[in-house]
Amino acid sequence: MTSETTSPEQTLLNDLRAARPLLWTNDGRSDAARVETVVDGRAISLADSNAAQDRFLRFAPLLAKLFPELAETGGRIESGLHRVPAMQRALGLGPEQGALWVKADHSLPVAGSIKARGGIHEVLEFAETLALENGLVTRQSDYTVLAQAPARELFARYEVAVGSTGNLGLSIGVMAAALGFRATVHMSADAKEWKKTRLRARGVNVVEHAGDYAEAVAAGRRQAEQDAYCYFVDDERSLSLMLGYSAAALHLRDQFEAEGIVVDAAHPLFVYLPCGVGGAPAGIAFGLRQIYGPHVYAFFAEPTQSPCFFVEMLAPGKSVYDYGLDNRTEADGLAVPRASDLAAAAMAPILAGGYTVADETLFLDLHRLRVSEGMHIEPSAAAGFSGPRMLTRSAAGQAWLAETGLTAALPQATHLVWTTGGLFVPPEAYAEFAERGAAIAVRGDDDISPAG
Ligand SMILES: *Cc1c(COP(=O)(O)O)cnc(C)c1O
């Protein structure tokens with residue numbers, strides 16, 4: 001046995017390279033009441049998240065007009081917060097480990113994923129900037145005028161482009177096309193066919209690339225640089241995206257209040273966020289940190305073959321390929337080889353840690369959620385459910401809880417799993433996912449916690 005001489009760091013590296021599920025914690029996390037967050041040289045605060053939320057509100061009447069499915073909410077794109085006791089039991093977690101909740105972004109209208117927050121925000125910000133510059137509105141105007149000819153003609157002169165593994169393209173493409181922009185989505189090879197079909201049906205130009213997500217982004221960026229009328233949404237570098245995501249924290253605060261959920265030293269909040277390039281989970285973690293201070297502990301969930309955020313925290317600038325991984329996963333929303341360095345820098349003092357999940361576990365938890373709670377999610381969105389087990393059952397998790405002084409507070413803890421996508425998965429594709437999960441459940445080899 002060599003394990004006696006293996007340090008925890010070496011064990012983590014071995015697990016990373018072998019694509020074994022692992023839990024890592026962030027030594028750089030600050031428990032100060034406030035942390036300064038700088039993105040691209042700019043300090044950001046809750047005021048910026050509020051500004052993003054206000055922008056969504058200004059556009060709500062227009063969105064209610066453009067999307068019939070938003071009539072009911074007056075144009076607001078939001079998701080429910082649900083207590084999931086049956087899923088908690090299915091995961092084998094007792095009440096002494098806290099209470100399991102789901103933030104149901106898998107049901108977000110228009111985009112069908114968490115990308116409705118960041119992606120749509122950036123398109124709205126671009127449209128608003130153009131409309132303001134051209135005197136079509138002031139910030140006090142009724143934005144439904146943007147559905148009329150002068151605005152449509154203005155927007156039609158511009159193209160909005162993005163590189164995507166699928167979901168970001170869906171949100172940007174659908175919203176850009178609805179506002180009257182020309183829209184181009186550069187898709188990576190792992191993007192699902194139905195996502196391309198859905199976009200083409202809305203008049204979006206889908207460009208397919210043979211390479212991975214990073215290559216699709218690079219291709220889109222190059223094309224946009226040559227065209228002054230092309231606005232490129234840069235998933236690896238965008239502050240607007242991050243702030244759009246961060247506004248979710250404000251709505252969640254209201255939902256927590258309505259449910260009587262308290263977050264303080266005696267009632268810690270653990271949030272489990274599926275992570276691709278890192279913008280979405282970083283934006284949300286940032287927003288929650290501004291509201292709840294050090295009492296929120298954000299963990300990022302990544303596939304064992306695509307843990308780019310962990311790699312970026314470990315060795316800035318490296319990709320998952322540098323560790324012998326192949327970036328192949330059924331979690332297409334998370335199939336990213338290199339993380340956003342912007343998101344990683346913002347998370348350095350905020351993030352509690354992260355963990356990796358095998359694809360089999362994604363299908364198993366997708367199946368469990370269907371059976372226990374009747375919720376339908378895509379594989380990427382299942383990554384959060386491993387978090388509470390990782391934290392409370394693995395040796396690494398228990399050691400961290402003890403070190404951080406959280407063990408005694410566990411029974412009063414809230415575990416919030418962010419389910420990030422699924423609404424538009426075609427029923428046949430979903431049935432396949434669920435079947436795979438059911439087969440794994442029958443096999444019963446469900447102990448997928450990290451070794452040790
Ligand atoms: C994009 C996406 C994420 C993660 O967002 P990033 O900004 O890429 O980290 C998580 N889940 C789903 C379903 C997604 O589409």
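Just so you know, ligand 1 is whichever comes first in the structure, and atom 1 is the first atom listed for that ligand. Numbering starts at 1 and runs along the sequence shown.
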Report each N/O pair between ligand 1 and the protein that falls under 3.5 Å, naming both atoms.
unit_1   : atom_1 : unit_2 : atom_2 : d
ligand 1 : 7 (O)  : G279   : N      : 3.2
ligand 1 : 7 (O)  : A280   : N      : 2.8
ligand 1 : 8 (O)  : V277   : N      : 3.0
ligand 1 : 9 (O)  : G276   : N      : 2.7
ligand 1 : 9 (O)  : V277   : N      : 3.2
ligand 1 : 9 (O)  : G278   : N      : 2.7
ligand 1 : 11 (N) : T420   : OG1    : 2.7
ligand 1 : 15 (O) : K115   : NZ     : 2.6
ligand 1 : 15 (O) : N167   : ND2    : 2.7

**Study point:** Under 3.5 Å: donor-acceptor pair, side chain of K103, backbone of S79
**Key:**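 Checking the backbone N and O of S79 against the side chain of K103, a donor-acceptor pair under 3.5 Å is found.
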Exercise for review: State whether the side chain of R338 and the backbone N or O of G317 hold a donor-acceptor pair below 3.5 Å, judged by distance alone.
Suggested key: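 The answer is yes, because a donor-acceptor pair under 3.5 Å joins these two groups.
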Check your understanding: Can you name the one residue among M87, H82, R370 that meets side-chain contact (heavy atoms from CB on, under 4.5 Å) with M375?
Key ->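 Testing M375 for a side-chain contact (heavy atoms from CB on, under 4.5 Å) against M87, H82, R370 leaves exactly one candidate, H82.
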Check your understanding: Do you see a donor-acceptor pair shorter than 3.5 Å between the side chains of S306 and N327?
Key ->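 There is such a pair between these side chains.
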Practice item. Apply ring pair (Phe, Tyr, Trp, His ring centres under 6.0 Å) to H209 and list each qualifying residue two or more places apart in sequence or on a separate chain. Key: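 Partners of H209 by the ring pair (Phe, Tyr, Trp, His ring centres under 6.0 Å) criterion, ordered by chain and then number, come out as H186.
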Point to revise | CA sep, side-chain torsions, deciding dist, call: D212, Y321, side chain to side chain donor-acceptor pair (under 3.5 Å) | key: CA-CA 12 Å; D212 66 16; Y321 304 129; 2.6 Å; yes
